[in-house]
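Quick note on labels: first sequence line is chain A, next is B, and so on, each numbered from 1. For the numbers below, each heavy atom of this structure counts, side chains included, while hydrogens, waters and symmetry mates do not.
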2 protein chains.
Amino acid sequence: MKITIREVAKEAGVSIATVSRVLNGKEGIRSSTKKRVEKAIHKYNFSPNQIARSMIVKESKSIGLLVPQLSNEFWATLAEVIEAELWLHGYTLFLCTSSTKEDSLLKEKAAIHSFLQRKVDGIIYSTSSGSDREFQAFTENLKQQDVPIIAFDQRIPGMNQIYGDHIQGAMDAVKHLILLGHTHIAYIGGPLVSPERELGYRNAHTVHNIQVDENLIFRGEPNFQFGHEATSKLMASGTPFTAIFCGNDLIALGAIHVMEAAGLNVPDHVAVVGYDDINMAGFSKPMLTTVHQPIEEMGKTVVDEILRSIHRGNSIGQICHLVFPMKLVIRESCGASKRSLTQTNH
Amino acid sequence: MKITIREVAKEAGVSIATVSRVLNGKEGIRSSTKKRVEKAIHKYNFSPNQIARSMIVKESKSIGLLVPQLSNEFWATLAEVIEAELWLHGYTLFLCTSSTKEDSLLKEKAAIHSFLQRKVDGIIYSTSSGSDREFQAFTENLKQQDVPIIAFDQRIPGMNQIYGDHIQGAMDAVKHLILLGHTHIAYIGGPLVSPERELGYRNAHTVHNIQVDENLIFRGEPNFQFGHEATSKLMASGTPFTAIFCGNDLIALGAIHVMEAAGLNVPDHVAVVGYDDINMAGFSKPMLTTVHQPIEEMGKTVVDEILRSIHRGNSIGQICHLVFPMKLVIRESCGASKRSLTQTNH
DNA sequence: ATGAAAGCGCTAACAC
DNA sequence: GTGTTAGCGCTTTCAT
């Protein structure tokens with residue numbers, strides 16, 4: 001038989017209201033009745049239906065997280081951190097992934113819709129769908145919803161957001177290469193939708209009065225495969241280059257892989273810098289010089305922020321931007337350890 | 001104002017029952033009324049409350065997934081596959097992670113409890129908590145619940161389960177090393193709770209009439225860090241060894257890393273074989289010889305299976321075991337490419 | 001073909 | 001302190 005609050009009430013000889021009070025730890029209950037109720041609860045191994053509860057209290061104690069994928073360590077780690085942090089606060093996580101072979105934006109829309117229908121208390125939204133008309137219409141619509149939403153690593157006007165300072169991160173990386181003496185630095189990055197790293201790359205050139213060679217720029221999917229492809233093209237093109245700045249570590253690993261196969265040594269022949277500082281970066285060979293993202297802090301902060309939005313009610317419409325500094329981690333792949341900075345600095 | 005089915009009904013000039021019928025695509029509605037209702041739905045941008053719905057229809061179209069962690073590529077990929085497959089069938093995923101610095105079993109219990117309270121339609125359960133009394137009591141209790149549960153890569157008596165044939169996988173790996181001429185093969189594996197790989201390691205020795213040296217066996221956390229530690233100890237111990245079979249790829253990468261640092265070349269001085277075949281395995285240096293797990297198939301199958309359990313009702317108590325074959329992938333780290341099998345075979 | 005009404009399992013006034 | 005009752009937003013008989 002299905003056990004509900006009613007059965008428990010009958011067993012304890014009290015009303016369902018009293019059981020509810022015990023369940024929710026309300027004040028003003030004779031400790032003897034409380035005991036009886038607890039005994040009944042235990043006897044039936046009763047556990048209240050959270051779904052029924054949330055219909056009344058208007059909170060589901062769940063939040064929805066949308067990430068592009070999980071098979072990329074960056075996102076996986078972020079999801080792990082977010083889940084753990086939410087759990088600490090009594091929230092459970094709905095997780096959706098948006099990268100599909102077909103239409104990612106379609107999945108994104110549907111995922112958010114699913115979250116909304118399931119009455120999540122908040123949404124953490126992070127994907128890379130692009131910035132076309134359709135996307136903008138979608139995010140406009142999103143802002144109308146009365147659920148707190150926070151965008152992760154995405155610049156959506158008028159929406160609370162948290163992101164890394166990738167212009168700074170990319171600049172630091174490229175500046176480092178320039179100070180190492182490189183003037184022909186290629187950029188192999190993600191799709192056009194996340195232009196910050198490319199911007200940082202360009203800025204670093206500008207600051208140092210170096211002309212960017214557009215033939216050295218490659219954009220595509222941010223994965224190992226693309227690092228491979230783009231680097232192959234780069235080598236085949238004949239355009240001179242002595243360093244590559246990559247949009248993420250997977251791309252960097254792919255780049256290193258083909259170059260080694262082609263007889264080019266990293267960092268002796270070509271210096272490489274990645275982005276993200278995934279675990280692997282610390283034990284690839286050569287170990288990757290890369291831009292470290294403080295995932296842990298970012299994950300915790302995004303949770304704190306979404307919870308705050310939930311609790312203060314979505315009253316004051318003050319949009320907040322939380323931006324995190326990036327940190328260049330110098331290892332082997334850029335060759336910094338093999339050269340003297342003063343010697344090549346100009 | 002909050003839009004419910006009631007507002008839509010009023011707008012369309014029908015009863016809420018009719019709106020419900022339209023929403024659920026029921027037969028027998030005059031197409032003119034249907035149109036009116038749809039127009040009203042559209043006008044208000046109405047989307048039904050899934051929570052209220054599930055109270056009545058007794059299904060939440062959600063399932064709970066519990067994995068040890070996400071920062072391990074194996075689990076992350078599995079979660080990704082499962083989410084995608086569930087989505088195709090109209091289900092949304094609750095995700096929990098069980099590895100904590102404190103008590104993992106505690107979190108596991110709480111996570112399952114949370115799933116149950118949220119009335120998930122099914123649970124995919126995979127962790128590595130151990131096999132002590134408390135754990136057994138817990139799983140016993142689990143089986144009493146009237147929610148379909150399927151254990152992933154875990155042997156829980158009396159529960160539906162799906163797992164890889166790790167004894168076979170490990171045997172294949174170790175046999176390969178033996179055929180390559182190795183007789184002093186270390187094993188650096190996960191905790192005692194998942195003994196299959198160690199068993200396969202031992203079996204391979206037995207089959208080939210080689211004595212296992214217990215000093216060559218190390219157990220601990222299945223991560224890079226532990227691979228590092230254990231291998232350091234192994235080298236320091238002075239026990240002779242020419243090969244290491246690792247419980248997973250992260251351990252293997254850790255092992256290779258320290259050995260290289262200590263001046264030992266892999267595979268020239270020591271052969272290494274990993275387990276899982278994570279992406280990284282294909283582009284580490286040396287590329288990892290490892291045991292490939294068919295994650296994609298396993299993920300899809302576990303979803304099919306849980307959905308089947310849901311739909312047939314948990315009637316016939318036939319327990320099913322779905323076991324998947326593992327496949328040894330030979331790359332560089334075992335040195336197979338450098339030696340002739342016939343030459344070392346005995 | 002459509003509406004009225006009875007709940008799903010719970011919480012929150014409002015009584016007493 | 002504790003019970004009674006009216007819903008939360010929906011689906012589903014049972015009428016008509």
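In this structure, CE of A/Met55 is placed 6 Å from P of D/dG9, rounded to the nearest angstrom. As a whole-Å value, the separation of A/Ile51 CD1 from D/dT11 C1' is 16 Å. Here D/dC8 presents its C1' atom at 13 Å from CD1 of B/Ile5, a figure rounded to the nearest Å. Rounding to whole angstrom units, NZ of residue A/Lys58 and P of D/dC10 are separated by 10 Å.
With respect to B/Glu83, the side-chain contact (heavy atoms from CB on, under 4.5 Å) criterion is satisfied by exactly one of B/Leu93, B/Leu65, B/Val303: B/Leu93.
Residue-level contact check: B/Lys119 touches neither bases nor backbone, having no heavy atom under 4.0 Å from any strand. Backbone-only engagement by B/Thr4 is indicated by non-hydrogen atom pairs under 4.0 Å involving sugar-phosphate atoms exclusively. Note on A/Ile16: a base of the nucleic acid sits closer than 4.0 angstrom, heavy atoms only.
A/Leu78 places none of its side-chain heavy atoms less than 4.5 Å from the side chain of A/Glu80.
Listed candidates were C/dT11, C/dG9, D/dG9. Nearest to the side chain of B/Ile56 is D/dG9. Candidate nucleotides D/dT11, D/dC14, C/dC14 were compared by shortest atom distance to the side chain of A/Arg21, and C/dC14 ranks first.
The stretch residues 29-46 of chain A comes close to DNA chain D through A/Ile29, A/Arg30, A/Thr33, each having a heavy atom under 4.0 Å from the strand.
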